[in-house]
Amino acid sequence: MEEREGEQLSRFTTLKIGGTAKRLCQPQSIDELVALMADLKARNEPWYVIGGGSNLLVSSKGVEGTVIRTAQITKIDQLESNLLEAGAGARLPHLARYAASLGLSGLEFAVGIPGTVGGGVIMNAGAHGSCMADIIDSVTIFDTATGEIATLTNEELEFKYRKSRLDPTIQVVLSARLRLKSDLPETIEAHIRANEEYRWRTQPIGWPNAGSTFKNPDPKKGAGLLLDQAGAKKLAEGKAAVSAVHANFVINMGGATSEEVSKLMKRMQDCVYETFSVRLQPEWKTLGEFTENEREVWKV
Ligand SMILES: Cc1cc2nc3c(=O)[nH]c(=O)nc-3n(C[C@H](O)[C@H](O)[C@H](O)COP(=O)(O)OP(=O)(O)OC[C@H]3O[C@@H](n4cnc5c(N)ncnc54)[C@H](O)[C@@H]3O)c2cc1C
């Protein structure tokens, strides 16, 4: 297993923000991940698991404890003609393209979501009218509360909008089984291309970001539209700014800190509240040290 001390986490987040981790571990297989989790549990050490770091604001002040990055656990197996099993660190865009190459449809929505299977399950990642809940057959986890490996069915995972029943501070996703449908490769490819083109038109390609900052308050009220109408596109804090392309995207213009991003998020939240009396809730998770002030935006 790859193990380093004092590793800069900005390297591993799509926002390119994050101070040093006391210890970063990158298990190469599910067995190594399970052994690591069992050891951390036995020693009662603090830990945090990350996948693609694409839905995360990591503190610029750094992270105490062990950060586990699953990105090397990428094995994908075809168990039945339309059932794939993927390791927690398999990238969703790669998985979508691999499934397409087998003539399997269902993952086209995920082609522009730069996360992993583990993060996708935790967040119930979704786009273009579909989400992980539509294709998950079952998920195998290591539960640090019991010290056991368990397999949960789709129903047991209780997927909701951008969440599942799993608590990523207790349960670690090891792998997921995905039930897909057979279709013509050219039809699947056409969906993938349409989804990609939509993203190129509507998202700030080229700037470090972490996708949608806030959840949509309801299906008819997109956070991006509310932010845009409230005038959020002109907001910036230091090197962090609201994208001119999509008002729900925060971009790092180079050297932004987590403190600047937290302040900017609070101003975005306030500006929608003042205009529409709607309090937006962040979609992102946080990792590391944040002051009470910085945490303000996450308070319900
Ligand atoms: C350009 C861009 C576009 C995006 N578009 C979308 C979109 O259309 N739809 C959408 O839903 N999201 C989108 N996202 C957000 C993000 O890609 C998804 O939420 C993704 O599922 C996060 O996966 P990750 O592996 O990067 O998770 P991380 O950001 O690494 O972690 C997110 C959470 O999952 C937990 N986690 C990660 N792996 C595991 C594991 N193995 N076990 C337990 N917990 C784990 C972490 O602890 C954390 O709580 C976008 C992001 C970007 C940068």
Side-chain angles (χ1 to χ4, degrees), residues 9 12-18 26-27 30 33-34 36-37 47-58 63 67-74 86-96 108-134 136 139-144 152 157 159-176 195-196 198-200 202-216 222-224 243 245-246 248-252 282-288 298:
L9 290 174
F12 304 115
T13 65
T14 56
L15 252 180
K16 300 294 165 219
I17 294 177
Q26 303 200 68
I30 290 177
L33 175 56
V34 170
L36 172 64
M37 295 316 305
W47 57 269
Y48 195 93
V49 62
I50 67 170
S54 64
N55 210 43
L56 271 186
L57 180 60
V58 179
V63 180
V67 175
I68 302 139
R69 184 168 178 261
T70 62
Q72 320 276 344
I73 305 171
T74 56
R91 295 279 178 165
L92 294 174
H94 170 73
L95 190 56
E108 297 90 314
F109 76 88
V111 74
I113 304 180
T116 60
V117 164
V121 167
I122 295 292
M123 302 305 304
N124 187 17
H128 312 287
S130 303
C131 58
M132 295 300 281
D134 298 332
I136 291 289
V139 170
T140 299
I141 60 161
F142 179 83
D143 192 330
T144 59
L152 304 176
L157 289 158
F159 286 114
K160 298 204 175 65
Y161 171 61
R162 296 295 169 269
K163 67 191 261 196
S164 71
R165 204 191 85 189
L166 298 177
D167 179 343
T169 64
I170 301 173
Q171 291 141 327
V172 177
V173 174
L174 304 177
S175 64
N195 290 346
E196 279 180 334
Y198 177 80
R199 272 170 197 270
W200 291 333
T202 58
Q203 293 185 0
I205 309 294
W207 291 103
N209 69 75
S212 294
T213 313
F214 294 97
K215 294 182 189 178
N216 294 326
S243 160
V245 180
H246 194 314
N248 199 19
F249 275 56
V250 167
I251 56 170
N252 178 357
E283 182 175 311
W284 299 348
K285 307 277 187 186
T286 59
L287 168 57
W298 271 270

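Order of appearance sets the numbers: ligands from 1, and atoms from 1 within every ligand. Please read all numbers here as calculations on a predicted model, not as lab measurements.
- Using a 4.0 Å cut-off to heavy atoms of A125, the atoms of ligand 1 that qualify are 11 (O), 21 (O).
- Residue A210 approaches ligand 1 through these ligand atoms, each under 4.0 Å from one of its heavy atoms: 51 (C), 52 (C), 53 (C).
- A distance of 10.0 Å separates CH2 in W47 from CG in L36, rounded to the nearest 0.5 Å.
- Considering both main-chain and side-chain atoms, V49 comes within under 3.5 Å of ligand 1 through a nitrogen or oxygen pair.
- Residue-level proximity to ligand 1 for L174 is absent, since no heavy atom of it falls below 4.0 angstrom.
- Checked against a 3.5 angstrom limit, the closest N/O atoms of K285 and ligand 1 fall outside it.
- Below 3.5 Å of separation, one finds no N or O of L92 facing any N or O of ligand 1.
- Under 4.0 angstrom from ligand 1, the non-hydrogen atoms of T14 all belong to its side chain.
- Ligand-side atoms of ligand 1 in range of M123: 19 (O), range being under 4.0 angstrom from any heavy atom.
- Between atom CD of residue Q203 and atom OG of residue S243 there is a gap of 9.0 Å, rounded to the nearest 0.5 Å.
- Residue-ligand proximity, P114 to ligand 1, at heavy-atom distances under 4.0 Å covers atoms 2 (C), 3 (C), 4 (C), 17 (O), 50 (C), 51 (C), 52 (C), 53 (C).
- Summarising the geometry, atom CG belonging to L152 is positioned 6.0 Å from atom CZ belonging to R165; distances are rounded to the nearest 0.5 Å.
- Between G51 and T70, the shortest heavy-atom contact is CA-OG1, 3.7 Å.
- Residue contacts with ligand 1: Q171 is included, with a non-hydrogen atom under 4.0 Å away.
- Interface of P168 with ligand 1, defined as ligand atoms under 4.0 Å from a residue heavy atom, comprises 35 (C), 44 (N), 47 (O), 49 (O).
- Not one N or O on the side chain of T13 forms a donor-acceptor pair closer than 3.5 Å with the backbone of G53.
- Counting heavy atoms closer than 4.0 Å to ligand 1, residue T116 contributes atoms from both its backbone and its side chain.
- Between the side chain of W298 and the backbone N or O of T286 there is no donor-acceptor pair closer than 3.5 Å.
- Heavy-atom proximity to atom 37 (C) of ligand 1, evaluated over G119, A90, G53, is greatest for G119.
- Counting protein heavy atoms only, atom 1 (C) of ligand 1 is closest to N209 OD1, 3.4 Å.
- If you check each of G115, P204, S212, C131 against atom 23 (O) of ligand 1, the one with the closest non-hydrogen atom is G115.
- Applying the 4.0 Å criterion to heavy atoms of N55 picks out, from ligand 1, the atoms 15 (C), 16 (C), 19 (O), 22 (C), 29 (O).
- The closest protein non-hydrogen atom to atom 16 (C) of ligand 1 is S54 OG, 3.2 Å.
- Each of the following atoms of ligand 1 lies closer than 4.0 Å to a heavy atom of G126: 7 (C), 8 (O), 9 (N), 10 (C), 11 (O).
- Taking each of G120, G118, G211 in turn, the one with a heavy atom nearest to atom 50 (C) of ligand 1 proves to be G211.
- At a heavy-atom distance under 4.0 Å, only side-chain atoms of R199, from C-beta outward, approach ligand 1.
- For ligand 1 and I50, the ligand atoms under 4.0 Å from any heavy atom of the residue are 30 (O).
- Assignment of W284 to the shell around ligand 1 is not supported, since no heavy atom sits closer than 4.0 Å.
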